[in-house]
Protein chains: 2
Amino acid sequence: MNVQFKKMKPLKSYQHVVDEIVKAICDGKLKAGDRLPPEMKLKELFDTSRGTIREALRVLEQKGLIAIRTGVKGGARVLEANTKPMSDNVAILIRQQKVSLQNLAEFREMMEGHISEQAAKMADKNDIKVLNTILSQAKDHIKTKPSSWKEFHKMDASFHRLLAQIAGNPLLEANLVAVHDNIQIYFHQYLPWSEALLLDNYKDLCDIAKAIEQKDPILACRLAKDHVSKFNELMEKNLND
Amino acid sequence: MNVQFKKMKPLKSYQHVVDEIVKAICDGKLKAGDRLPPEMKLKELFDTSRGTIREALRVLEQKGLIAIRTGVKGGARVLEANTKPMSDNVAILIRQQKVSLQNLAEFREMMEGHISEQAAKMADKNDIKVLNTILSQAKDHIKTKPSSWKEFHKMDASFHRLLAQIAGNPLLEANLVAVHDNIQIYFHQYLPWSEALLLDNYKDLCDIAKAIEQKDPILACRLAKDHVSKFNELMEKNLND
DNA sequence: ACGATCAAACTGTCGGACAGTTTAATCTTT
DNA sequence: AAAGATTAAACTGTCCGACAGTTTGATCGT
């Protein structure tokens, strides 16, 4: 016996179910929108109990791979790849106070800089057009009442997300969204929003878009970082009051 | 009725259990290492069935908050905050082919650059000492047989992780580890490891450490990015053969 | 033709049972 | 008395059966 065998702990049976279904989804045998068989059918397919199946479904749900609905025609449906689990993870790290607002802000600044830099390298004519469409929509929402500022912020988020898509890195995009999901409460709560600040925000975005249009990665990177950093500093100042 | 009420879908009862326990952990009422009551006790505490409790425990387990053991003195124990769920998420995105190796590599290059830059700003005397300790250990593992190269790679990983710790951003550290977990298989499989390559790797780390010691963030950033990028390119070249 | 009612297909929740695993105490055996 | 074997106790792992709640589509009544 020279060899070191690993303790072969038998998988818990729900884990087997999870693994099989994850594999099916990743292999494309189950596509987004597809329905999984009902619990009773799964129970037969995997030859286990309903309890075991339900534990497996909870795990898959939590991984963001499926969503479950009650009623006839209900059951588990495969979801499009999404960023919810990533956001949840970040949220927990924050709630555990392992990650501070500064940590979050620094991470975002790094990403936004890099994203804008890449976007400036990659953007084609159509990307620029879509970018400008979003900007003009954002502008419209400033002119009206504060009640529609929420719409502006949505446009702002879309702008940043679109940049990430142009940059062409889904991992970057997922992290950006996760960070955004967790930082926006602070922004809404602690920034002294006014029409002037919205305009300032808007102008920054325009400058970034312009740098991207002119295919100037260095400038785009610096503008994006400055933009993020400016709003972070503003928030921190207000946070201490 | 001017107001829009949200559809008050009552929480599924396992979700209530999850929320309460997450809250307890985040509020510090449950600390790492603490034991949760056994399922039977939890069932009484939350006044539900054992099945519901078990579904909740599966979710908490998947979130990386607890680990469960069988037997007497077993049960659910609260874990230290860890990066496993983050790694799992990234792994799924890769398996779904939403994230390519290039995406992973680009993300890593961005992070390593930023981390080294920050580390150069933050490092104190002691940090430098620990860094050099790791480096000398790494060096020892090169001189010996290929069987101990695994140890070198462990040291390499420790080095990068330590940089992230010096940089002082746990979010960055978590993402670095997650990316590393998912990229290392490629490195082991597709890089033509030899004593020369290990030495090259080692030398890069030394240069980065030196730049950090000399408090030169710009240089540290560039060296780190170059290092990562060099090995990525090498791998891609071998990947196409 | 239109709304009310009802049946069917599901998930959500409960209780009970027993098998499997791990720890610690107890009981041998030398 | 020390080392090993046995056993009891405290847990989780798995199964079954039952019924309530929810949603959809068909059926019925007007």
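Within every chain, numbering begins at 1; the chains are lettered A, B, ... in the order of the sequence lines, protein sequences first and strands thereafter.
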Point-to-point distance, once rounded to the nearest 0.5 Å, from CD1 of B/I92 to CD1 of A/I25 =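 So the CD1 of B/I92 and the CD1 of A/I25 are separated by 8.0 Å.
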Return the value, rounded to whole Å, for the distance between atom [atom1] of [X] and atom [atom2] of [N].
X     : N      : atom1 : atom2 : answer
A/R77 : C/dC10 : CZ    : P     : 11 Å
A/I53 : C/dG12 : CD1   : P     : 14 Å
B/L42 : C/dC14 : CG    : C1'   : 17 Å
A/R35 : D/dT23 : CZ    : P     : 14 Å

So, the side chain of [X] versus the backbone of [Y]: is there a donor-acceptor pair under 3.5 Å, distance only?
X      : Y      : answer
B/N201 : B/L198 : no
B/H153 : B/W149 : yes
A/N89  : A/M86  : no

Would the B/H188 and B/W193 ring centres measure less than 6.0 Å apart?
-> no
Reading 5' to 3' through nucleotides 12-22 of chain D, protein heavy-atom contacts under 4.0 Å coded B for base, S for sugar-phosphate only, - for none = BBBBS-B---B
Indicate whether any N or O donor in one side chain lies under 3.5 Å from an N or O acceptor in the other, for B/E151 and B/Q137.
->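 B/Q137 and B/E151 do not have a side-chain donor-acceptor pair below 3.5 Å.
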